[in-house]
Participant: 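There's a structure below that I have some questions on.
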Amino acid sequence: MPELPEVETVRRGLARWSLNSTINAVQVLHHRATNPRSVAPLDVVAGASIAEISRRGKFLWFDLDRPYALVAHLGMSGQFRIQPVGAPDEKHLRARLLLDGHQELRFIDQRTFGWLAVSANEGPVPQLVSAIAPDIFDPLFDRSAVINKYRKKETEIKRALLDQNLMSGVGNIYADESLWRAKIHPQSRCDELSPRKIENLLAAAEIVMSKALVEGGTSFDSLYINVNGESGYFAHSLEAYGRENEPCSRCATHIRRIVFGGRSSHFCPKCQRL
DNA sequence: CGTTGCGCCTGTTAGC
DNA sequence: TGCTAACAGGCGCAAC
């Protein structure tokens, strides 16, 4: 499940292998690979060269030598792979970009929640990304303003953490990890948390995602890999997510899993009290 | 307007 | 053993 550290790992791989390349052709192999909000069919980027590869939260995009960008979201299972021309097609290959130098940039996506799109790129971020809040590593991230936004929310803190309009990049894994680290129960009401607690939570999110980035992200299976096909190693470092009935590393109480808001939350019932 | 729930997908696993 | 149901869950939109 690609969240900020995984998407950033992919972005760095893409930058290393495709920066300054020209996109010679685009081939779309599945109708869901194109986001319906794309302003044009994907093959309009043919002939463009890749000037920069950028990211906000879980969205990434190719800045082109044109007034529009090629935006990508990996969804649940999206992958980019750099492959030599002629390599056998992957089972869930959804689109391929032919680059100069006999390389292909392939978009592979089992569950088809991921997509590509062409979007106007004349502001700070492409139009398609403009509604997404800056992530915690963005120079535009305003920590005190974001703390105030969380404090005004009339919902549980876990839900708010997943809201990409407040702060982007955090998904279910890093939400649970951040809450564990900050010792906050996922069902705590936002408007009952002190500014200090929320500040601690943001600091925890920043630390957890920084550590994950160093490890190349979290891989449970082959659904998340980087552009070289390599897995990340942060799964070994998870303290709460996916550890139901295993002992908390701080107090040995068994981690509990509950479901609310349609998703699983993992937490230590002793360290993270309501 | 803010919050909540649903639908979109497919491969794996748990349970009967 | 073989089938069905549950599960994974980011995002956009509809509904309340």
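Naming convention: chains lettered A, B, ... in sequence-line order (proteins, then strands); numbering from 1 in each chain.
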Participant: Which whole-number value in Å describes the distance from L60(A) CG to dG10(C) P?
Facilitator: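 In whole Å, dG10(C) P and L60(A) CG are 16 Å from each other.
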
Participant: In whole angstrom, give the distance that lies between atom NZ of K152(A) and atom P of dC1(B).
Facilitator: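 Going from NZ in K152(A) over to P in dC1(B) covers 16 Å.
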
Participant: Just checking, is any N or O donor in the side chain of H266(A) or D176(A) under 3.5 Å from an acceptor N or O on the other one?
Facilitator: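 Yes, a side-chain donor-acceptor pair sits under 3.5 Å.
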
Participant: Could you work out which one of dC13(C), dT3(B), dG11(B) sits closest to the side chain of K153(A)?
Facilitator: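 Closest nucleotide to the K153(A) side chain: dT3(B).
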
Participant: Below the 4.0 Å mark, does dC9(B) have OP1 or OP2 next to a side-chain nitrogen or oxygen of R32(A)?
Facilitator: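 Answer is yes, contact under 4.0 Å.
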
Participant: Can you tell me how far P of dT10(B) sits from NE2 of H30(A), to the nearest Å?
Facilitator: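 One finds 6 Å between P of dT10(B) and NE2 of H30(A), rounded.
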
Participant: Go through dG11(B), dG10(C), dA8(C) for me and flag the one nearest to the H92(A) side chain.
Facilitator: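 It is dG11(B).
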
Participant: Which nucleotide wins on minimum distance to the side chain of S264(A), given the candidates dT3(B), dA8(C), dG12(C)?
Facilitator: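 My answer, after comparing the listed nucleotides, is dA8(C).
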
Participant: Specify the separation, in whole Å, of atom CG of D163(A) and atom P of dC11(C).
Facilitator: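 Distance check: D163(A) CG to dC11(C) P gives 10 Å.
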
Participant: Less than 4.0 angstrom between a side-chain N/O of Q110(A) and OP1 or OP2 of dC9(B), yes or no?
Facilitator: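 For dC9(B), OP1/OP2 do not have a side-chain N/O of Q110(A) under 4.0 Å.
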
Participant: Could you check which of dG10(C), dG12(C), dG11(B) has an atom nearest any side-chain atom of R37(A)?
Facilitator: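 Between dG10(C), dG12(C), dG11(B), the one nearest the side chain of R37(A) would be dG12(C).
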
Participant: Let me know the distance between CG of D109(A) and P of dG10(C), rounded to the nearest Å.
Facilitator: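 Checked: the CG to P distance equals 14 Å.
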
Participant: Within the structure, does a side-chain N or O atom of S77(A) lie under 4.0 Å from either OP1 or OP2 of dA8(C)?
Facilitator: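 Answer no for this pair, as no side-chain N or O of S77(A) is under 4.0 Å from OP1 or OP2.
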
Participant: Grab the CZ-P distance between R257(A) and dC7(C) for me, whole Å please.
Facilitator: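 About 7 Å, once rounded to whole Å.
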
Participant: When you measure from the side-chain N and O atoms of H73(A) to the phosphate of dC11(C), is any distance below 4.0 Å, counting only OP1 and OP2?
Facilitator: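 Affirmative; the distance criterion is met.
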
Participant: Going by the angle between their ring planes, with limits at 30° and 60°, are H73(A) and F59(A) parallel, tilted or perpendicular?
Facilitator: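 Rings of H73(A) and F59(A): perpendicular, over 60°.
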
Participant: Between E199(A) and Y150(A), is the side-chain hydrogen bond (donor to acceptor under 3.5 Å, both in side chains) condition met? List the steps.
Facilitator: CA-CA 10 Å; E199(A) 204 175 326; Y150(A) 278 114; over 6 Å; no

Participant: Under 4.0 Å between a side-chain N/O of K58(A) and OP1 or OP2 of dC11(C), yes or no?
Facilitator: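 Indeed, a polar side-chain atom of K58(A) lies that close.
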
Participant: Take K211(A) and E177(A) through the salt bridge (charged side-chain N to carboxylate O under 4.0 Å, His left out) test and state the conclusion after the steps.
Facilitator: CA-CA 11 Å; K211(A) 287 175 181 280; E177(A) 292 302 301; over 6 Å; no

Participant: Does OP1 or OP2 of dA8(C) have a side-chain N or O of R263(A) closer than 4.0 Å?
Facilitator: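 Answer is no, no contact under 4.0 Å.
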
Participant: Counting any heavy atom closer than 4.0 Å, what does F59(A) reach on the DNA or RNA strands: base, sugar-phosphate only, or nothing?
Facilitator: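 The answer is sugar-phosphate, as F59(A) gets under 4.0 Å only of primed atoms, P, OP1 or OP2.
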
Participant: Taking only the side-chain nitrogens and oxygens of R159(A), find out if one of them lies under 4.0 Å from OP1 or OP2 of dG5(B).
Facilitator: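 For R159(A), the contact criterion (side-chain N or O under 4.0 Å from OP1 or OP2 of dG5(B)) is met.
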
Participant: Would you mind reading off the distance between R111(A) atom CZ and dA8(C) atom P, rounded to a whole angstrom?
Facilitator: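 Going from CZ in R111(A) over to P in dA8(C) covers 10 Å.
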
Participant: Considering only side-chain heavy atoms of T155(A), which listed nucleotide, dG11(B), dA8(C), dT4(B), is closest?
Facilitator: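 The listed nucleotide nearest to T155(A)'s side chain is dT4(B).
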
Participant: Rounded to the Å, how far apart are Q187(A) CD and dT4(B) P?
Facilitator: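 Between P of dT4(B) and CD of Q187(A): 12 Å.
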
Participant: Ignoring hydrogens and geometry beyond distance, is a side-chain donor-acceptor pair present between N121(A) and D63(A) at under 3.5 Å?
Facilitator: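 D63(A) and N121(A) do have a side-chain donor-acceptor pair below 3.5 Å.
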
